[in-house]
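None of these values were measured; they are calculated from a predicted model. The basis for the numbers below is simple: all heavy atoms, side chains too, and nothing from hydrogens, waters or symmetry mates. To find a chain, count down the sequence lines: A is the first, B the second, and so on, and within it residues start at 1.
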Protein chains: 2
Amino acid sequence: MPTEIISKEQKKMARYAKAMGHPIRLYVLELLSKQSCCYSGDLSEVLPIVKSTLSQHLKELKDAGLIQGEIEAPRIKYCLNKENWKEAQELFTRFFQQPIKITDCKTNI
Amino acid sequence: MPTEIISKEQKKMARYAKAMGHPIRLYVLELLSKQSCCYSGDLSEVLPIVKSTLSQHLKELKDAGLIQGEIEAPRIKYCLNKENWKEAQELFTRFFQQPIKITDCKTNI
DNA sequence: TCCTTTGTTCGTAATTTCACGAACTACGAA
DNA sequence: TTCGTAGTTCGTGAAATTACGAACAAAGGA
């Protein structure tokens, strides 16, 4: 059994980062971290994409585990997935809070 | 001129997040934040990908502005891009440090 | 029951990503 | 000048991403 070079945490974090790697999705996450929940329709009104595309982005956030939905007929209420959001928070905070040893390159090829 | 819904900061952050959205690239970034610099050859020895693929990943990190290279013939020394790393650090830290109002969904559709 | 609202799913298309091997470039050493 | 090392670039292909509109499903209200 070879030692895994890429850790489980790195894989998890990459998964979260990937989900965050689109302005629309980042917007949704930031909104949800500020106002606790929202509806797809509200987003659809302000965002410059059609609702089916928005639905796809929401699905990606759901698949990554960052948000979750709840039926509130006829709408669906979205909010952050508490547990995974906390994990992402920890992973990213740890990642960026490491004491960094930067040897600046003089040139930039 | 319509008010931009997606902010410049969100776009920048999404760009960084996208670059971080692959385990290999996250591994490289984490290594560089720990040991100040590295060479492509060192990475190639431990990572389970061929060097041309690694080169592509390094290029993506370069294009995103997170790392930079310096010729140290016959090799190339890579290190973090100090300025942009700091920016990413700030963006992500702020993003995750916001006081969060989570209304947990009971169900998860 | 039929209509309206809300949102998802499907089909499609263009683009990007990810990976590989082969070919190429740059440069120091023999 | 020729060779070897280090790394990038090119060509390729498979898969994923991003976006759209049309069609569909669910559920409350007329």
Side-chain angles (χ1 to χ4, degrees), chain A residues 5-6 10-11 13-29 31-32 37-79 105 107-109, chain B residues 5-6 10-11 13-29 31-32 37-79 105 107-109:
Chain A
I5 299 303
I6 307 289
Q10 278 165 340
K11 285 180 189 167
M13 191 174 157
R15 184 75 183 84
Y16 291 140
K18 195 177 179 183
M20 292 166 63
H22 191 287
I24 295 279
R25 297 197 291 266
L26 214 46
Y27 174 91
V28 173
L29 290 175
L31 187 74
L32 285 179
C37 72
C38 73
Y39 299 90
S40 176
D42 303 343
L43 296 169
S44 200
E45 272 174 29
V46 295
L47 293 172
I49 51 172
V50 302
K51 59 180 184 166
S52 59
T53 303
L54 174 60
S55 188
Q56 275 185 87
H57 283 302
L58 292 174
K59 180 168 160 44
E60 280 198 59
L61 288 172
K62 255 189 290 179
D63 290 348
L66 288 172
I67 67 170
Q68 56 191 158
E70 184 182 9
I71 295 173
E72 207 170 80
R75 301 186 296 173
I76 293 177
K77 187 174 86 172
Y78 285 103
C79 52
C105 291
T107 56
N108 187 3
I109 61 157
Chain B
I5 299 305
I6 306 289
Q10 278 165 339
K11 285 180 189 166
M13 190 173 158
R15 184 77 184 84
Y16 290 140
K18 194 176 179 185
M20 291 165 64
H22 191 288
I24 295 278
R25 297 197 290 266
L26 214 47
Y27 174 90
V28 173
L29 290 175
L31 187 73
L32 285 178
C37 71
C38 73
Y39 299 90
S40 176
D42 304 344
L43 297 169
S44 200
E45 272 173 29
V46 297
L47 294 173
I49 51 172
V50 301
K51 58 179 184 166
S52 59
T53 303
L54 174 60
S55 188
Q56 275 186 86
H57 283 302
L58 292 174
K59 180 169 161 42
E60 280 197 60
L61 289 173
K62 256 188 291 178
D63 291 347
L66 290 172
I67 68 169
Q68 56 190 158
E70 184 181 9
I71 294 173
E72 208 171 79
R75 300 185 295 173
I76 292 176
K77 188 174 85 172
Y78 284 104
C79 52
C105 292
T107 55
N108 187 4
I109 61 157

Closest non-hydrogen atom pair, Q10(A) against Y27(B): NE2-CA, 3.6 Å
Nearest-Å distance for atom pair NZ/P, residues K77(A) and dG7(C): 13 Å
Whole angstrom value for the distance that separates P of dT9(C) from CD1 of I76(A): 9 Å
Phosphate contact (dA6(D) OP1 or OP2) by Y78(B) side-chain N/O below 4.0 Å: no
d(CD, E72(A); C1', dA27(D)) in whole Å: 14 Å
Atom-pair distance (CG on D63(B); P on dT8(D)), nearest Å: 12 Å
Minimum heavy-atom distance between C37(B) and C79(B), given as atom pair plus value: CB-CB, 4.2 Å
Smallest separation among heavy atoms of L43(B) and L54(B), with atom names: CB-CD2, 3.7 Å
Protein and nucleotides 27-30 of chain C: nitrogen or oxygen contacts under 3.5 angstrom:
none

Smallest separation among heavy atoms of G69(A) and I76(A), with atom names: CA-CG2, 4.3 Å
L58(A) CG to dG7(C) C1', straight-line distance once rounded to whole Å: 10 Å
Y39(A) OH - dT5(C) C1' separation (whole Å): 15 Å
Side chain to side chain contact (heavy atoms under 4.5 Å, CB included) evaluation trace for Y78(B) with V28(B): CA-CA 10 Å; Y78(B) 284 104; V28(B) 173; over 6 Å; no
Student check: side-chain heavy atoms of I49(A) and H57(A) closer than 4.5 Å: yes
Heavy-atom pair with the smallest gap, counting every atom of L26(B) and M20(B): CD1-O, 3.7 Å
Heavy-atom closest contact (L61(A) atom, A19(A) atom, distance): CD2-O, 3.9 Å
Contact letters for nucleotides 9-21 of chain D, in which S counts primed atoms plus P, OP1 and OP2 and B counts the base, heavy atoms under 4.0 Å: B------SSBBBB
